[in-house]
Amino acid sequence: MKNYIFLKIVIVVLFLVSNVFYAGAQPIITATSNTSTYCIRTYTNITTAVTIADPSNEITEIYIQISAGYVNGQDQLILNNSGSHPKIGIDPFNSSTGKLRLYSLGSATATDFEAAVEDIQFYNSSMFPSGTRSFSITIGQANYLPRNGHYYEFVPNLGITWTDAKLAAEGSNYYGLQGYLATLTAADEAKIAGEQASGAGWIGGSDAETEGVWKWVTGPAEDRVVFWNGAVNGSSPNFSLWNNNEPNQSGNEDYAHITAPGVGIKGSWNDLPNTGEASGDYQPKGYIVEYGGMPGDPVLNISASTTITIPRIESTTPASRCGSGSVTLQASVSNGDAFWYSTPTSTTPLLIGNSYDTPYITTNTTYYVDAGCISNRTAVIASIKTIPTVISTTANSRCDSGTLTLMATASEGNIQWYDSAGNLLATGNLFTTPSITATTTYYVDAIANGCTSPTKIAVIATVNNSPAITSTTPGSRCDSGTVTIGATASAGTLNWYGVATGGMSLATGITFTTPNLTTSTTYYVDATADGCTSPTRTAIVATMYTTPTITSTSPASVCDSGTVTLAATASAGNVQWYDSAGNLLAAGNSYATPVISATTTYYLDAIANGCTSPTRTAIVATVNTTPSVTSVTPAYRCDYGTVTLQATASSGNINWYDDAGNLLATGNTFTTPVLDSTTTYFVDAAVSDCKSPKTSITATVYPIDKTNEEVLLCQGETTTLDASISGMNYLWSPRGETTQTIAISTVGEYSVTISSPTIVSCDSQKIFDVIEHPEPIISSIAVEENSITIELANAESYYEYSINGEDFQVSNQFSHIQTGQHTAFVRDNNGCNLVAQDFTIFTIAKFFTPNFDGFNDVWEIREMQDYPNARAQIYDRYGKLIIDLTSYKYSWDGKFNNKILPADDYWYRLKLDATIPELTGHFTLKR
């Protein structure tokens, strides 16, 4: 509630501070602009006449500001003849705001202020000023923008929030105008309210309603528009002036603020949270109030505005023409008109305007232009250029299509070449035509300095057609002799040659008979007509073919019956196949016979280019009978070693294979490698490529086992003895069993005789020594904190130990056991004779701290509650009994007869029951 009252007080105070009004009638100011041109580095009055009506005689100060076009660092305002205004004081020109303040020294009247304002002069320090400057003359200190008639005022208020600034601005009043946080919808507003303001602060933009959609939320309804969409890389539908990398939404920043001077772009904006930052450049220093445009605002005349134009020549365009005549020169002016002169110092212009047509001139002439100030007068040249002429041309001709080089010369400049359509083809004294097929007329003119000769002159490129060879008739023969070849031409006479170029003509006419030839020979022919010879000679070949021969044959065979594929090669051409009756069967390097059941002879010759070998060559397709395996003889042996197997066939060779199909040997007998087990082999019979089906044959190996084996028998159980070799004859002693395995339940010596079941005698004997281990006896389990040792009365190396009944180990010691009851297990290492005994791991604290903090306040042995007869005694260091603990009272709170005992060491004796040894130890009581 207190904060709310304070907020209301702040807003009321701001309202009172920001309200400006006159008690009497409001003053009226009017001013007339100075229409004279501003020239470089001159002092020019901003107005020629000012009228100030102050019925209530309340004016004490006047503000003059460069409100539009202001260039900081170049523009300034001064009071001329300051000594003529004794009642008027003047502040130094504020270059940040572009503003000058005049104030009364005590008794200044409106007339005094009028005279002073009429002596305010504008000055620009640049050598190249330009543009328009607008000046506002106003009674109040708020910045005045003549374009829209609005006022802008920075109100300092360190640390004010945006929402408080909005309320304070809306409670402001300027000569009856309703205030609001500024809405800067154009560049001139942003400049006068930001860059030219006396401070930086809040403005009326926000995206609190929709994140990323920035709009003006204050001021007149027509100004409340969206001006930015997005964040740093967003876009504006109209106008915005965000600083570099803004808006960045760095922590719920939903309100627009003019950036502090020296941070990025001067007068630009950044986004801040409602409170801004507590210090530094992003701490709000106040807010910008805009006045004007609100419903019900009065019409004010407390401000006037004037303008000064600063024209300059932005650019000039010299011009030229071919031959004598008028030339049009151009100039562009930043503002106003261009003034043209005949000399650099002329005072009377030839013409006023951006374009100037010179009088008739015959030579290059210089003119001058300025924007109203002789100090920036610029020379512009009107040039007269000579027109060239074509003084000679040279035509050319050729046979057939192709290029021609034509020539022309000019009085000066360059020659330009054109086709009949007037298209410019090339420039230069020489012109090589494109490839042309008919006589073509080209045209030339001369050009120099952009001036072209008035008429084009024809230059002819003539094309004469050469005759062509239209057809040829080659010739050929087998082996050697003469050949007749022929040709025809489009026109003229045919000439025959033995070489492609040069040489003497061998004959003329449409045919030519060669001399006797033994090899193929190329001849050449061309035609001559109207002085043009066909450009190249045409080759015609007289071909001599060599009769081919059969160079190789590949007979083949088949098993029993079927087709046979025969093959042959020739020196050239193709192979032709015949039967014994001479019938042509096929052509090609291979021939597949029909199904045959007996050996058959075929014949073949070679043909190439119509030439056939003189004799035919025989080739045989053989039919072989498939053999069979007629007998196999298996073999046997004892223990490991080699075995010799035998087989016979109806014909051909015997082949021996392993079970993977690998060929091992050939012949009627096969001796195996050293074997230690029975192995099956396979045989077939082969004649040429004809093989019988494979037949299996076995090499049997009977193993011999003479080892002795010790077998451990668990007490009271039965075990199985195994002879380990299958498929044999067995005889057990002492009981006479004949099976591979027997079951026994008593210790002693057993044996088995193992014999082969075939005529091969392979006997062996295996002896079993059956023994039994005694059951382990647990004599004690020694517990030391969370470790134990299991002691046996009959310890042996074959016993193993466990405390969970699953994981056994050879060591009888275990550590890191959790507190509580557990069971110890012992057995021999073959799993027999399992015995168990329970034990307990106690939680006996080494110290306790009975200071009533809820931690270690008592010393206790919780496991006593699991033993009904458990007893424990606690003694001090002198042997005095302090307390007696039982299974239902197993903790001590550090007191004796309800008195607190001192910090010290104490001793205990623990007896759980009669079967468990007594445990003793000591612990510490800490205070």
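Treat the numbers as computed from the prediction; the structure is a model and nothing was measured. Residues take their numbers from the sequence shown, with the count starting at 1.
- The aromatic rings of F923 and W859 lie parallel to each other, their planes meeting at an angle below 30°, with 60° marking the opposite boundary.
- In terms of the side-chain hydrogen bond (donor to acceptor under 3.5 Å, both in side chains) criterion, residue partners of R827 (sequence neighbours excluded) are, by chain and number, E800.
- Using cut-offs of 30° and 60° on the angle between ring planes, the pair H922 and W907 is tilted.
- Between F848 and W892, the two ring planes are tilted [angle within 30° to 60°].
- At least one donor-acceptor pair under 3.5 Å links the side chain of T679 to the backbone N or O of S677.
- With sequence neighbours left out, the ring pair (Phe, Tyr, Trp, His ring centres under 6.0 Å) criterion links Y702 to no other residue.
- You'll find the side chain of W656 stays beyond 4.5 Å of the side chain of F682, heavy atoms only.
- Considering every non-hydrogen atom in both T718 and A743, the closest pair reads CG2-CB, 4.0 Å.
- For Y798, the OH atom is densely surrounded, since the number of other residues' heavy atoms within 6.0 Å is greater than 12.
- Shortest non-hydrogen contact noted between G573 and A608 is CA-CB, 3.4 Å.
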Sequence neighbours left out, cut at 3.5 Å: what donor-acceptor pairs do the side chains of residues 872-884 make with other protein atoms?
from: Q873; atom 1: NE2; to: D884; atom 2: OD1; distance (Å): 3.3
from: D876; atom 1: OD1; to: Y878; atom 2: N; distance (Å): 2.9
from: D876; atom 1: OD1; to: G879; atom 2: N; distance (Å): 3.1
from: D876; atom 1: OD1; to: K880; atom 2: N; distance (Å): 2.9
from: R877; atom 1: NE; to: D904; atom 2: OD1; distance (Å): 3.2
from: R877; atom 1: NE; to: D904; atom 2: OD2; distance (Å): 3.2
from: R877; atom 1: NH2; to: D904; atom 2: OD1; distance (Å): 2.9
from: D884; atom 1: OD1; to: R871; atom 2: NH2; distance (Å): 3.4
from: D884; atom 1: OD2; to: R871; atom 2: NH2; distance (Å): 2.2

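- Residue pairs meeting the ring pair (Phe, Tyr, Trp, His ring centres under 6.0 Å) criterion with at least one partner in residues 711-751, sequence neighbours excluded, are W732-F768.
- Between P774 and Q715 the shortest heavy-atom distance is CA-NE2, 3.5 Å.
- Applying the side-chain contact (heavy atoms from CB on, under 4.5 Å) test to T565 and every residue at least two apart in sequence or in another chain returns S590, A592.
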Handout entry: Test ring-ring contact (aromatic ring centres under 6.0 Å, His included) applied to Y681 and F670, step by step
Key = CA-CA 10 Å; Y681 295 90; F670 169 59; 5.4 Å; yes

Exercise for the section: Walk me through it: do T644 and T669 pass the test side-chain hydrogen bond (donor to acceptor under 3.5 Å, both in side chains)? Expected result: CA-CA 7 Å; T644 299; T669 63; over 6 Å; no

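- Geometrically, R616 engages Y578 in a cation-pi contact, judged by NZ or CZ lying under 6.0 Å from the ring centre and within 45° of the ring axis.
- For the side-chain contact (heavy atoms from CB on, under 4.5 Å) with Q576, the lone residue among L604, I607, L585 that qualifies is I607.
- Screening N794, V810, N812 for a side-chain contact (heavy atoms from CB on, under 4.5 Å) with Y799, the sole residue that qualifies is N794.
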Practice task
Mind running side-chain contact (heavy atoms from CB on, under 4.5 Å) on T551 and T549 for me, showing each step along the way?
Solution key: CA-CA 6 Å; T551 56; T549 59; 4.2 Å; yes

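- Looking at heavy atoms from C-beta onward, I777 lies out of side-chain contact with V826 at the 4.5 angstrom threshold.
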Which donor-acceptor pairs under 3.5 Å do the side chains of residues 594-601 make with protein atoms, sequence neighbours left out?
from: T599; atom 1: OG1; to: V623; atom 2: N; distance (Å): 3.1
from: T600; atom 1: OG1; to: A598; atom 2: O; distance (Å): 3.0

